[in-house]
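Scroll down for the structure; my scribbles are underneath it.
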Amino acid sequence: MSGGSMDYLCYKVEEASFALITPERKAFKKHLHLISKALKAIEWNDSFDGANDEEELIRKCLGEGVVLDACVEDALRALRELTAELRKVT
C-alpha cells in the first residue's frame, strides 16, 4: 500500500481553512502545520513507504514531558498487571 493508509489525513489537516483573525488562531494554524507533517510521517510509515523523522516530527507537536508521561503511564499499567499475575501464582 502506498502513502494513503489514513486517506491522506495529513493534507486535510494542512489545508484546514479558517479565518486567521486572532493571534491564537494564527498560532493554531502553525501548530496544525506541525501536526500535518507528523501525520504524513506516520501515514507513510504505516503504509511502509518510510519516513525516518517520525518521532522527531511528533515530538515537535507535543509539550515537554508528554512522551515521558505516556511512558510512565504504560509502566504503571504493566506493573499493576505484573503484580496481579504474581499474586495468582504465589
Side-chain angles (χ1 to χ4, degrees):
M1 175 189 324
S2 66
S5 67
M6 295 167 44
D7 196 27
Y8 299 98
L9 178 61
C10 59
Y11 297 122
K12 293 173 185 175
V13 170
E14 180 69 28
E15 295 167 1
S17 180
F18 48 89
L20 302 175
I21 57 176
T22 65
E24 291 82 6
R25 286 183 179 212
K26 291 174 186 174
F28 188 65
K29 182 67 173 174
K30 287 183 180 184
H31 187 67
L32 285 179
H33 176 71
L34 294 175
I35 291 170
S36 173
K37 290 173 71 173
L39 281 171
K40 182 177 180 182
I42 292 168
E43 188 167 12
W44 262 235
N45 283 334
D46 287 357
S47 298
F48 305 106
D49 290 327
N52 296 330
D53 55 351
E54 177 182 326
E55 290 180 5
E56 174 187 340
L57 292 170
I58 291 171
R59 285 179 179 271
K60 286 181 179 181
C61 298
L62 302 173
E64 191 173 319
V66 174
V67 175
L68 177 59
D69 290 346
C71 291
V72 169
E73 185 178 306
D74 287 346
L76 291 172
R77 183 179 312 109
L79 178 59
R80 286 191 300 273
E81 292 171 5
L82 177 60
T83 300
E85 287 302 314
L86 286 171
R87 286 185 178 136
K88 291 176 184 176
V89 296
T90 56

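Every heavy atom of this structure was used, including side-chain atoms; hydrogens, water molecules and symmetry mates were not.
In terms of heavy atoms, A41 sits closest to L57 at CB-CD1, 3.9 Å. Closest non-hydrogen pair, R25 versus F18, comes out as O-CE1, 3.8 Å. Summarising the geometry of D7 relative to E43, their closest heavy-atom pair is N-OE2, 3.3 Å, with the distance given to 0.1 Å. What you find for L86 and T90 is that their closest heavy atoms are O-OG1, 3.0 Å. When all heavy atoms of K29 and E15 are compared, the closest pair comes out as NZ-C, 4.3 Å.
No side-chain heavy atom of F28 sits under 4.5 Å from any side-chain heavy atom of E24. In this structure, R77 and E73 have side chains that are in contact, with non-hydrogen atoms separated by less than 4.5 Å.
In this structure, E85 pairs ionically with K88, as a charged nitrogen and a carboxylate oxygen lie closer than 4.0 Å. Classification of K37 and D53 as a salt-bridged pair fails, no side-chain N sitting under 4.0 Å from a carboxylate O.
For D74, the CG atom sits in a packed shell: over 12 heavy atoms of surrounding residues, nucleotides or ligands are nearer than 6.0 Å.
Residues L34 and V13 are members of separate hydrophobic clusters, defined by side-chain heavy-atom contacts under 4.5 angstrom among Ile, Leu, Val, Met, Phe, Trp and Tyr. V72 and V66 sit in two unconnected hydrophobic clusters of ILVMFWY residues. Membership requires side-chain heavy atoms under 4.5 Å apart, directly or through other members. In terms of hydrophobic clustering, with Ile, Leu, Val, Met, Phe, Trp and Tyr side chains grouped at heavy-atom distances under 4.5 Å, I35 and M6 are assigned to a common cluster.
Residue L76 holds its CG atom at 11.5 Å from CD of E81, rounded to the nearest 0.5 Å. In this structure, CG in L82 is found 12.0 Å from CZ in R80, a value given to the nearest 0.5 Å. The distance from the CD atom of E54 to the CG atom of D46 is 7.0 Å, given to the nearest 0.5 Å. Summarising the geometry, atom CG belonging to L9 is positioned 13.5 Å from atom NZ belonging to K40; distances are rounded to the nearest 0.5 Å.
Looking at S36, its side chain never comes within 3.5 Å of a backbone N or O of L32 through a donor-acceptor pair.
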